[in-house]
Amino acid sequence: MLDIKRIRENFDEVAEGLRRRGADVALAERARDLDQQRRALVTQTDELKTLRNSRSKEIGALKKSGQDTTAVQADVRAIGDQITALDSQLRGVEETLETAMLSIPNVPCKTIPTGPDASANRVAKVEGVAPIYAFKPLDHIALGEKLGIFDLPRGVKITGSGFPLLLGAGSKLQRALVQYMLDLHTEQHGYTEMLPPFVVNTASMRGTGQLPKMAEDMYHCEIDDFWLIPTAEVPVTNYFRDEIIDRPLPVYLTAYTPCFRREAGSAGKETRGILRVHQFDKVEMVKFVEPETSYAELETLVVNAEDVLKGLGLHYRILELCSGDISFSAAKCYDIELWAPGQQGWLEVSSCSNFEDFQARRLNCRYRDATGKTRLVHTLNGSGVALPRLMIALLEQFQQADGSVLLPEALRPYMRGVERLVPAQ
RNA sequence: GGAGGGGUGUCUGAGUGGUUUAAAGAACCGGUCUUGAAAACCGGCGAGCCGCAAGGUUCCGGGGGUUCGAAUCCCUCCCCCUCCGCCA
């Protein structure tokens, strides 16, 4: 959510930002008008409430001295009726304003490239080179079948399409990757590990911005009104919802969780294998920082995610997303993509964003600055990283002529000495 | 799931319809005193909104109601505690 004061006082700057991302400026105009109405109504009701409070006290004093109060009571009742009428009018205005505010996306950072869609993204960095093979590289589905590490048909039987089932060395590898990433972030990057609930309430989903817009894309337990998390960002960022953070900033948190996404409307598109699934594992990083430092923190967040891939010796690239391609809540975002030789394409495994105070405002998450004044924090998050596509790139990049997959050294301790995955006979 | 007891500011905790403008204590911050500290004493000390300001207003778990007036009474939901039941 944007600051209404920013819309009120710097409307042109906000409008310019919204245009850059291709968003509708009309909503911001509407918000500006509703805000004006709201303030007029607040002033009016506050004055009436002052009057009611003082007249009500008179009644108390009169009663104490045994005098008649019917006339004053009638007066106060009339004031009360006015207040009720104005209050309900005010509530209507506030609700409409709130709805408008929740639908206005963040203003993009001034420095990011301007463009309508992914075609305007800027390649910020390429690390390593694509491996060259003396044979035709297989894709992860063929490799997985040979190695016997997936059993997707049985996943379909047990649940449905998009619910992958890993088996034997596959599930062990997944577990090893999770351990490797969590250890890296906690031991080298200063994050505190958290194992949060995988199911959250509606207030949490609203806090990080999944609701109201993404309801169709999530799994909902109707009886309890609980939601399955689509990313660890939700429970981890909501850790400090409605709080004034009582510890020194920055705070770095990391968590492994499964993620559940209905992916409504995406059936048939990129759904082969484990490229796009309804349930997958991910390690996420979340930062709560002082506003002045958030852009520097974004750079180190990206480095933290990169280190995961660098440590595994993978070929990847980093994109700086343009104004038309960043997500609703983000002011600036980097994507990290891994090279997948089997399908000759790049796979997005991480998205690192600075939300500035956009999330903090709807989360009501604040801190005390050096002078003791409460201010909204800046929040950031980044995947560190998503498992299925990491698994795909790992299998495809490290495949050998004999059909085996050589595991990077960093993983071997977590694989209890296993150095390569070999085809089942 | 059933029965009972609770939810008040950073914490403890008073308050059962009108000087509550939410007592008091603790913690914390500043000051006096002191060589320094402690103690003692003095002062300060929640958040949001409106307002240039003075100031006003809202918030006692959430929502709704009764009343001239609600922390206080009623309804409802959530959470915590104790006991019972069920259960990995």
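Lettering of chains follows the sequences in order, A, B, ..., and the numbering in each one begins at 1.
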Trainee: Rounded off to whole Å, could you give me the CG-to-P distance for the Asp46(A) and C50(B) pair?
Mentor: 10 Å

Trainee: With a 4.0 Å cut-off on N to O distance, would you call Glu13(A) and Arg6(A) a salt bridge?
Mentor: yes

Trainee: Could you state the atom-to-atom distance from CZ of Arg91(A) to C1' of G63(B) in whole Å?
Mentor: 11 Å

Trainee: Let me know the distance between CG of Asp87(A) and C1' of C49(B), rounded to the nearest Å.
Mentor: 13 Å

Trainee: In whole angstrom, give me the gap between the P atoms of C74(B) and U16(B).
Mentor: 14 Å

Trainee: Under 4.0 Å between a side-chain nitrogen and a carboxylate oxygen: does that hold for Glu94(A) and Arg38(A)?
Mentor: yes

Trainee: Separation of Arg241(A) atom CZ from G61(B) atom C1', in whole Å?
Mentor: 13 Å

Trainee: Using whole Å, report how far CG of Asn201(A) lies from P of C78(B).
Mentor: 12 Å

Trainee: Classify Arg8(A) by what it touches in the nucleic acid, base, sugar-phosphate, or nothing, heavy-atom distance under 4.0 Å.
Mentor: sugar-phosphate

Trainee: Which of these nucleotides, G48(B), C49(B), U58(B), is closest to any side-chain atom of Arg52(A)?
Mentor: U58(B)

Trainee: Run the salt-bridge test on Asp81(A) and Arg77(A) with the 4.0 Å N-O cut-off and return the result as yes or no.
Mentor: no

Trainee: Considering only side-chain heavy atoms of Ile59(A), which listed nucleotide, U58(B), A47(B), G18(B), is closest?
Mentor: G18(B)

Trainee: On the nucleotide G51(B), are OP1 or OP2 found under 4.0 Å from the side-chain N or O atoms that Arg39(A) carries?
Mentor: yes

Trainee: Respond yes when some side-chain nitrogen or oxygen of Asn53(A) is under 4.0 Å from OP1 or OP2 of U58(B), and no when none is.
Mentor: yes

Trainee: When you match Thr374(A) and Gln73(A) each to their closest nucleotide on RNA chain B, which lands nearer the 5' end?
Mentor: Thr374(A)

Trainee: How far does the C1' atom of U10(B) sit from the matching atom of C45(B), given to the nearest Å?
Mentor: 11 Å

Trainee: Roughly how far apart, to the nearest Å, are U20(B) and C11(B) at atom P?
Mentor: 24 Å

Trainee: Just to be sure I understand the rule, does Thr45(A) reach a base, reach only the sugar-phosphate, or reach nothing, if contact means heavy atoms closer than 4.0 Å?
Mentor: nothing

Trainee: What is the distance from CG of Asp35(A) to P of C49(B), rounded to the nearest Å?
Mentor: 12 Å

Trainee: Mind checking the C1' distance from U66(B) to C84(B)? Whole angstroms is fine.
Mentor: 37 Å

Trainee: Flag the pair Asp75(A) and Arg55(A) as a salt bridge only when some basic side-chain nitrogen lies within less than 4.0 angstrom of an acidic carboxylate oxygen.
Mentor: yes

Trainee: Using 4.0 Å as the upper bound for N to carboxylate O, is an ion pair formed by Glu16(A) and Arg19(A)?
Mentor: yes

Trainee: Dot-bracket for RNA chain B, 5' to 3', with Watson-Crick and G-U pairs under 3.5 Å, [ ] for crossing pairs and | for other-strand pairs: what is it?
Mentor: ((((((((.[[[..)..(.....]]].(((((.......))))).(((((....))))).[[[[[..)....]]]]])))))))....

Trainee: With rounding to the closest Å, how many angstrom separate the P atoms on G25(B) and A14(B)?
Mentor: 15 Å

Trainee: What distance, rounded to whole Å, do you find between the two P atoms, one in C73(B) and one in G17(B)?
Mentor: 8 Å

Trainee: How long is the line joining NZ of Lys5(A) and C1' of G51(B), in whole Å?
Mentor: 12 Å

Trainee: Assuming nearest nucleotide by heavy-atom distance, tell me which of Glu94(A) and Arg77(A) is located more 5' along RNA chain B.
Mentor: Glu94(A)

Trainee: Provide the distance between the two C1' atoms, one in G48(B) and one in G43(B), to the nearest whole Å.
Mentor: 27 Å

Trainee: Side chains of Gln359(A) and Thr379(A) only: does a donor on one sit below 3.5 Å from an acceptor on the other?
Mentor: yes

Trainee: Looking at Thr50(A), does any N or O in its side chain come under 4.0 Å of the phosphate oxygens OP1/OP2 on U57(B)?
Mentor: yes

Trainee: Between Lys49(A) and Asp87(A) (salt bridge meaning N to carboxylate O under 4.0 Å), is one present in this structure?
Mentor: yes

Trainee: Just N and O in the side chain of Arg38(A): are any of them under 4.0 Å from OP1 or OP2 of C49(B)?
Mentor: no

Trainee: Rounded to whole angstrom, note down the P distance from U12(B) over to U19(B).
Mentor: 27 Å

Trainee: Could Arg375(A) and Glu292(A) be called an ion pair, given the rule that one side-chain N must be under 4.0 Å from one carboxylate O?
Mentor: yes

Trainee: Just the rounded figure in Å: distance from P of G18(B) to NZ of Lys57(A).
Mentor: 13 Å

Trainee: With side chains defined as the heavy atoms from C-beta onward, is the minimum distance between Val308(A) and His185(A) less than 4.5 Å?
Mentor: yes

